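Report on one structure; see the data block that follows.
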2 protein chains.
Amino acid sequence: MPTLAETAGLFADRTRAAFCQALLDGRAWSAGELARHAGVRPSTASEQLSRLVAGGVLTEERQGRHRYVRLAGPEAAALVEALTSYAPDTPRPRSLRASVQLGAEARARTCYDHLAGRLGVALADAMIARGLVADESGLTVTPAGRAWLAGLLGREQPPGARRPLVRSCLDWTERRPHLAGALGAALCATALERRWVRRVGSGRAVRVTPEGTGAFRELLGVEV
Amino acid sequence: MPTLAETAGLFADRTRAAFCQALLDGRAWSAGELARHAGVRPSTASEQLSRLVAGGVLTEERQGRHRYVRLAGPEAAALVEALTSYAPDTPRPRSLRASVQLGAEARARTCYDHLAGRLGVALADAMIARGLVADESGLTVTPAGRAWLAGLLGREQPPGARRPLVRSCLDWTERRPHLAGALGAALCATALERRWVRRVGSGRAVRVTPEGTGAFRELLGVEV
DNA sequence: GGAACGGTTCGGCGCCGCCCGAACCATCCC
DNA sequence: GGGATGGTTCGGGCGGCGCCGAACCGTTCC
């Protein structure tokens with residue numbers, strides 16, 4: 001088992017941290033894309049990616065002359081998320097450019113495999129208000145919620161899954177929880193699949209389509 | 001808000017990591033104790049502690065010529081715990097001395113503010129078996145569990161608390177979950193207060209007293 | 001075949017961060 | 001007051017890490 005310092009060291013670098021946060025969109029990125037994104041040379045990116053892969057944070061798949069990497073799993077994503085959103089005290093200033101980017105992501109974005117931002121929080125609120133998810137001693141899915149989810153997916157959820165059905169994930173723009181876990185992932189996958197939201201740009205930001213506006217209203221009474 | 005790299009950097013050092021892990025026992029340590037524990041000079045410890053305090057991981061209280069530090073809160077403890085127990089692959093060898101220490105902690109120890117080790121896992125199993133805690137879509141406290149807890153504490157639990165009543169915390173010796181959250185903390189506090197367990201040595205390890213053996217058997221049917 | 005492209009390896013450079021010892025300050029005890 | 005103890009500050013040394021450029025390798029496309 002790696003030591004605490006070793007694990008933390010994997011993230012304790014501007015470049016590697018930028019890689020991990022970019023990969024929070026849950027997709028696979030090529031080495032070159034990540035290098036450009038983080039503003040480093042390909043050689044640097046190559047070395048740093050190797051460290052993250054060796055540390056078990058990322059997995060890689062080679063395709064021809066491309067090297068694609070993604071987060072190794074939900075645990076790795078949760079770790080990145082936890083470290084990112086650890087905010088003991090007051091906020092600090094940001095650049096204008098970063099603020100614009102942040103604006104898009106604040107509206108709606110993906111957080112590894114589920115929806116976040118104002119959209120994610122609104123969906124979470126609606127599901128709690130409608131009794132699909134209960135907020136007593138942590139978040140749980142109610143029987144009504146299970147039925148709702150089964151209806152949405154057209155199938156039952158496997159009950160014995162290792163992963164919790166729903167997990168609370170603190171939203172770093174809204175400072176309020178949104179829905180992670182298997183339910184959050186299923187909802188996000190459905191939304192992408194049925195074109196309720198579309199990815200915009202290369203980052204995590206997504207935009208709600210007209211169909212999505214109607215679907216979210218009909219499904220949960222959410223106005224976006 | 002600090003960046004991911006900055007937050008991770010706080011833990012990405014052998015000495016600071018040792019401090020944080022020692023403080024996982026939930027108590028306040030003096031600077032000198034931590035320095036000896038980590039095997040560094042007092043001057044080094046002083047500087048590193050200042051960094052952890054500035055980063056919001058620790059809080060300090062000065063008493064006379066002593067400087068006591070403790071983990072800043074459950075969030076900080078959860079972060080240390082998550083980074084410590086992130087084990088993507090295979091275990092590595094340990095020194096003999098470390099193994100002995102580990103043996104004591106494997107039996108029973110505190111994990112920030114709740115009980116862990118074989119004792120912690122056994123208690124968690126018993127509470128699930130008796131229907132006090134349910135393991136569907138994450139851990140939740142059942143109505144019976146609430147009543148049980150109220151009886152133990154002699155008072156109701158405040159329902160509107162921010163902190164989840166129960167949280168699953170992966171045990172890094174047992175590789176199985178034990179009970180964290182407010183319930184875990186209350187149980188641990190009660191056990192220490194009523195002398196069911198006693199701290200042994202300066203670390204996290206605890207020993208079950210004869211009274212404790214009886215209490216755990218009567219309360220939850222757990223044989224330790 | 002040749003050119004373009006993505007990625008990797010290697011040497012080298014510069015900086016940062018960790019640690020120590022020495023001096024100093026504050027508190028506590030006699 | 002004087003001595004002992006716990007803690008802090010400061011200068012300095014050393015190692016390691018992150019970065020780059022250059023050379024190289026394999027794939028893809030013409």
Side-chain angles (χ1 to χ4, degrees), chain A residues 2-23 27-71 80 83 202, chain B residues 2-23 27-71 80 83 202:
Chain A
T3 66
L4 166 54
E6 285 166 353
T7 304
L10 292 173
F11 304 100
D13 169 73
R14 208 163 28 88
T15 301
R16 287 194 299 272
F19 290 172
C20 292
Q21 289 186 307
L23 291 165
R27 292 181 291 183
W29 291 50
S30 74
E33 287 170 335
L34 287 171
R36 256 170 286 135
H37 176 78
V40 295
R41 296 282 143 197
S43 59
T44 303
S46 176
E47 288 175 352
Q48 304 301 355
L49 286 178
S50 295
R51 290 193 52 177
L52 288 170
V53 170
V57 174
L58 307 184
T59 57
E60 67 181 12
E61 18 188 332
R62 314 257 175 168
Q63 280 182 20
R65 57 182 170 183
H66 292 276
R67 176 199 209 178
Y68 289 105
V69 295
R70 62 171 73 243
L71 286 173
V80 174
L83 283 167
S202 66
Chain B
T3 65
L4 165 54
E6 285 166 353
T7 303
L10 292 173
F11 304 101
D13 169 74
R14 210 162 27 88
T15 301
R16 288 195 298 272
F19 290 172
C20 292
Q21 289 185 307
L23 291 165
R27 292 182 291 183
W29 290 48
S30 75
E33 287 170 335
L34 287 171
R36 265 183 312 258
H37 176 78
V40 295
R41 298 280 140 198
S43 58
T44 303
S46 176
E47 289 173 352
Q48 304 300 356
L49 286 178
S50 295
R51 289 191 55 178
L52 288 170
V53 170
V57 175
L58 306 184
T59 57
E60 67 182 12
E61 16 188 333
R62 313 257 174 168
Q63 280 182 21
R65 58 182 169 182
H66 291 277
R67 177 199 208 178
Y68 288 106
V69 295
R70 62 171 71 244
L71 286 173
V80 174
L83 283 167
S202 66

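Sequence lines set the chain letters: A, B, ... in the order given, protein chains first and strands last, and positions in each chain run from 1. Source: prediction; values computed, not measured.
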Practice item. Note the angle between the end axes of the helix from C:dG1-D:dC30 to C:dC30-D:dG1, five pairs defining each, rounded to 10 degrees. Key: 30°
Exercise for review: Mind checking B:R36 for me? I need base, sugar-phosphate or nothing, with any heavy atom below 4.0 Å counting as a touch.
Suggested key: nothing
Review point. What nucleic acid atoms does B:S50 come within less than 4.0 Å of, heavy atoms only: base, sugar-phosphate, or nothing?
Key: nothing
Which side-chain N or O atoms in residues 9-23 of chain A pair as donor and acceptor under 3.5 Å with protein atoms at least two apart or in another chain?
{"from": "A:D13", "atom 1": "OD2", "to": "A:T15", "atom 2": "N", "distance (Å)": "3.1"}
{"from": "A:D13", "atom 1": "OD2", "to": "A:R16", "atom 2": "N", "distance (Å)": "3.0"}
{"from": "A:R16", "atom 1": "NE", "to": "A:L10", "atom 2": "O", "distance (Å)": "2.8"}
{"from": "A:R16", "atom 1": "NH1", "to": "A:Q48", "atom 2": "OE1", "distance (Å)": "2.8"}
{"from": "A:R16", "atom 1": "NH2", "to": "A:G9", "atom 2": "O", "distance (Å)": "2.9"}
{"from": "A:Q21", "atom 1": "NE2", "to": "A:T84", "atom 2": "OG1", "distance (Å)": "3.2"}

Check your understanding: On DNA chain C, nearest-nucleotide positions of A:H66 versus B:G39: which is more 5'?
Key -> A:H66
Point to revise | Side chains of A:V69 and A:L52 in contact at under 4.5 Å (non-hydrogen atoms) | key: no
Point to revise | Members of residues 42-49 of chain A that approach DNA chain D, where some heavy atom sits under 4.0 Å away | key: A:S43, A:T44, A:E47, A:Q48
Check your understanding: chain B on DNA chain D: first and last contacting nucleotide, 5' to 3', under 4.0 Å to a heavy atom?
Key -> D:dA4 to D:dC10
Study note, to complete from the structure: Quick tally for nucleotides 24-30 of chain C: nucleotides whose base has a protein heavy atom under 4.0 Å get B, sugar-phosphate-only ones S, the rest -, giving ---BS--
**Study point:** OP1 or OP2 of C:dG7 under 4.0 Å from side-chain N/O of A:R62
**Key:** no
Practice item. Not counting sequence neighbours, list each pair that qualifies as a salt bridge (Lys or Arg N to Asp or Glu O under 4.0 Å) and has a residue in residues 59-69 of chain A. Key: A:E60-A:R62, A:E60-A:R67, A:E61-A:R70
Check your understanding: Within a strict 4.5 Å, meaning less than it, do heavy atoms of the B:L58 and B:L71 side chains meet?
Key -> yes
